[in-house]
> 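I have a structure here, written as structure tokens, and I will follow up with some questions on it.
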Amino acid sequence: MADTAIFDVDGTLVDTNYQHALAWYRAFRRFDITPPIWRIHRAIGMGGDQLVPEIAGESVEQAHGDELRDAWTEEFDLMIDEVRPLEGAKELLVEVKRRGFRLVLASSGKKDHVERFLDLIDGRDVADAWTTSDDVQASKPQPDLVETALARVSGASAVMVGDSVWDVVAAAKVDVPTIAIRTGGFSVAELEDAGAVAVFESLPELRTHLDDTPLGRATPPGE
């Protein structure tokens, strides 16, 4: 049993994935690179340090990586007012906290973006801690974010909740099981093949079935 719940933010608690994909597409186009948007979408959930070489290759990362990430920020900022919380986000967080879990909101996003999203879901009121890009050296699918999130609280073991295969892969590298939500656009089979212990269509569906997941009850102190 776990004592800490780690929630991915982008795509899991707030509906950002398609804004991210379009912002990356526009950023690449500034450098006359035209990847299919579906390929970008498949990489959303990775951090920018991982996404650029995944989509455009290591040579583009070496030549333009930092500039592309700056361009992505500019493009995403133009759409950030469109971002809304996913249905049931705050209610799920409150219920998981009520069940005794320490709660960490795990994002490798930029600090100002993360703070904006925390406000959208009233996350400051319920979370014990949260992370930003300032806190990790390498983003998903590397496990740094999951390790950092768990280190932010006094928990001993965790469960991850995320929306992408990259969440599942990152958490598995440090033996943290993941409950996946299909809000990232990945199929049930893809998420299960990556190692998700359960897959739900939405946050309200997960909340209804918490007793059937590792988030049913937190490990009491001392157990």
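On a predicted model such as this, the values are computed, not experimentally measured, just so you know.
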> Rounded to the nearest 0.5 Å, what separation is found between the CG atom of Leu210 and the CZ atom of Arg99?
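Between Leu210 CG and Arg99 CZ, I get 4.5 Å after rounding to 0.5 Å.
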> So, taking the atom named CG in Leu22 and the one named CD in Glu82, what distance separates them when rounded to the nearest 0.5 Å?
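CD of Glu82 is found 8.5 Å from CG of Leu22.
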> Working to the nearest 0.5 angstrom, can you tell me the gap between Leu86 CG and Leu13 CG?
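If we round to the nearest 0.5 Å, Leu86:CG and Leu13:CG are 7.5 Å apart.
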> Tell me whether Val9 is reachable from Leu51 by hopping between hydrophobic residues (I, L, V, M, F, W, Y) whose side-chain heavy atoms are closer than 4.5 Å.
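Same cluster: Leu51 reaches Val9 through Ile, Leu, Val, Met, Phe, Trp or Tyr contacts under 4.5 Å.
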> Are Ile181 and Leu103 linked, directly or through intermediate hydrophobic residues, by side-chain heavy-atom contacts shorter than 4.5 Å (ILVMFWY only)?
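Same hydrophobic cluster.
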> Would Glu75 and Arg29 pass as an ion pair if we require N to O under 4.0 Å?
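The answer is no: the pair does not qualify as a salt bridge.
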> Extract all donor-acceptor atom pairs below 3.5 Å that involve side chains of residues 148-159 and protein atoms in other chains or at least two apart in sequence.
{"residue": "Thr148", "atom": "OG1", "partner": "Asp144", "partner atom": "O", "Å": "2.9"}
{"residue": "Arg152", "atom": "NH1", "partner": "Trp130", "partner atom": "O", "Å": "2.8"}
{"residue": "Arg152", "atom": "NH2", "partner": "Asp135", "partner atom": "OD1", "Å": "2.7"}
{"residue": "Arg152", "atom": "NH2", "partner": "Asp135", "partner atom": "OD2", "Å": "3.1"}
{"residue": "Ser154", "atom": "OG", "partner": "Arg102", "partner atom": "NE", "Å": "3.1"}
{"residue": "Ser157", "atom": "OG", "partner": "Met1", "partner atom": "O", "Å": "3.1"}

> Apply the test side chain to side chain contact (heavy atoms under 4.5 Å, CB included) to residues Leu145 and Ser139: give CA-CA distance (whole Å), side-chain angles for both, the deciding distance (0.1 Å), then the verdict.
CA-CA 7 Å; Leu145 183 66; Ser139 62; over 6 Å; no
> State the CZ-CD1 distance between Arg26 and Ile37, to the nearest 0.5 angstrom.
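Answer rounded to 0.5 Å: 8.5 Å.
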> For the residue pair Ala89 and Ile121, what are the closest heavy atoms and their distance?
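Smallest interatomic distance, heavy atoms only, reads CB-CG2, 4.0 Å.
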> Taking all atoms of both residues into account, what is the closest heavy-atom pair of Trp166 and Pro141, and its distance?
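For Trp166 and Pro141, the tightest heavy-atom pair comes out as CE3-CB, 3.9 Å.
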> Any side-chain heavy atom of Lys140 sitting closer than 4.5 Å to one from Val146?
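They are not in contact (no side-chain heavy atoms under 4.5 Å apart), so the answer is no.
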> Return yes if a side-chain donor-acceptor contact under 3.5 Å exists between Thr178 and Asp167, otherwise no.
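No, no side-chain donor-acceptor contact under 3.5 Å.
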> Closest heavy-atom contact between Val168 and Ala196?
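Scanning both residues, the minimum pair turns out to be CG1-N, 3.4 Å.
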> In terms of hydrophobic clusters joined by side-chain contacts under 4.5 Å, are Ile44 and Leu78 together?
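They do not share one cluster, since no chain of ILVMFWY contacts under 4.5 Å joins Ile44 to Leu78.
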> Should Thr34 and Phe28 be marked as a side chain to side chain contact (heavy atoms under 4.5 Å, CB included) after you check the CA-CA gap, both sets of side-chain angles, and the distance that decides it?
CA-CA 6 Å; Thr34 311; Phe28 280 117; over 6 Å; no
> At what distance, to the nearest 0.5 angstrom, does CZ of Phe7 lie from CD1 of Ile179?
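Output value for this atom pair is 7.5 Å.
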> Can any side-chain N or O of Glu205 pair as donor or acceptor with the backbone N or O of Glu201 at less than 3.5 Å?
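Yes: the side chain of Glu205 pairs with the backbone of Glu201.
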> Test of understanding: clusters of I, L, V, M, F, W, Y form through side-chain heavy atoms closer than 4.5 Å, transitively. Do Met160 and Val126 belong to the same one?
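In one cluster with Met160: Val126, no.
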> List the atom of Gly65, the atom of Val52, and the distance in Å for their closest heavy-atom pair.
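Shortest heavy-atom separation between Gly65 and Val52 comes out as CA-CG1, 4.5 Å.
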> Salt bridge check: are Asp211 and Arg217 linked by an N-O gap of less than 4.0 Å?
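Salt bridge flag = no for Arg217 with Asp211.
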> Measure from the side-chain N and O atoms of Ser164 to the backbone N and O of Gly45, and report whether any donor-acceptor pair falls under 3.5 Å.
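No: the side chain of Ser164 does not pair with the backbone of Gly45.
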> Taking it one step at a time, do Val161 and Val96 satisfy side chain to side chain contact (heavy atoms under 4.5 Å, CB included)?
CA-CA 11 Å; Val161 180; Val96 170; over 6 Å; no
> What distance do Lys90 atom NZ and Leu203 atom CG have between them, rounded to the nearest 0.5 Å?
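CG of Leu203 is found 14.0 Å from NZ of Lys90.
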> Stepwise, does the salt bridge (charged side-chain N to carboxylate O under 4.0 Å, His left out) test hold for Arg69 with Asp66?
CA-CA 5 Å; Arg69 284 180 279 276; Asp66 289 341; 3.1 Å; yes
> Other residues, nucleotides and ligands only: do more than 12 of their heavy atoms fall within 6.0 Å of CD on Glu58?
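Check passes, neighbour count above 12.
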> Hey, what's the ring geometry for Phe200 with His209, parallel, tilted or perpendicular (30° and 60° as the breaks)?
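The arrangement is parallel - the two ring planes meet at less than 30°.
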> Side-chain heavy atoms under 4.5 angstrom apart, residues restricted to Ile, Leu, Val, Met, Phe, Trp, Tyr: same cluster for Ile80 and Tyr18?
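No; tracing contacts between hydrophobic side chains, which count when under 4.5 Å, never links both residues.
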> Please confirm whether the backbone N or O of Pro143 pairs with a side-chain atom of Lys173, one donor and one acceptor, at under 3.5 Å?
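No, the answer is negative, given that no donor and acceptor are paired below the 3.5 Å cut-off.
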> So, the side chain of Thr132 versus the backbone of Gly109: is there a donor-acceptor pair under 3.5 Å, distance only?
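Not confirmed, Thr132 side chain does not pair with Gly109 backbone.
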> Please check if the side chain of His41 supplies one atom and the backbone of Pro36 the other of a donor-acceptor pair under 3.5 Å.
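Not at all, since once roles are kept as given, no pair shorter than 3.5 Å links the two residues.
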> Hey, are Thr183 and Asp163 close enough side-chain-wise for a donor-acceptor pair under 3.5 Å?
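Per modelled atom types, Asp163 and Thr183 side chains form no pair under 3.5 Å.
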> Using a 3.5 Å distance criterion without hydrogens, assess whether the side chain of Arg207 forms a donor-acceptor pair with backbone atoms of Leu92.
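No, the answer is negative, given that no donor and acceptor are paired below the 3.5 Å cut-off.
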> Indicate the ring-plane relationship of Trp72 and His113, choosing parallel, tilted or perpendicular according to the 30° and 60° boundaries.
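If you compare the ring of Trp72 with that of His113, the planes turn out perpendicular.
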> For the residue pair Pro35 and Ile55, what are the closest heavy atoms and their distance?
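Result for this residue pair: CB-CG2, 3.6 Å.
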> Which atoms form the tightest heavy-atom contact between Gly11 and Thr16, and what is the distance?
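Heavy atoms only, the tightest pair is N-OG1, 3.3 Å.
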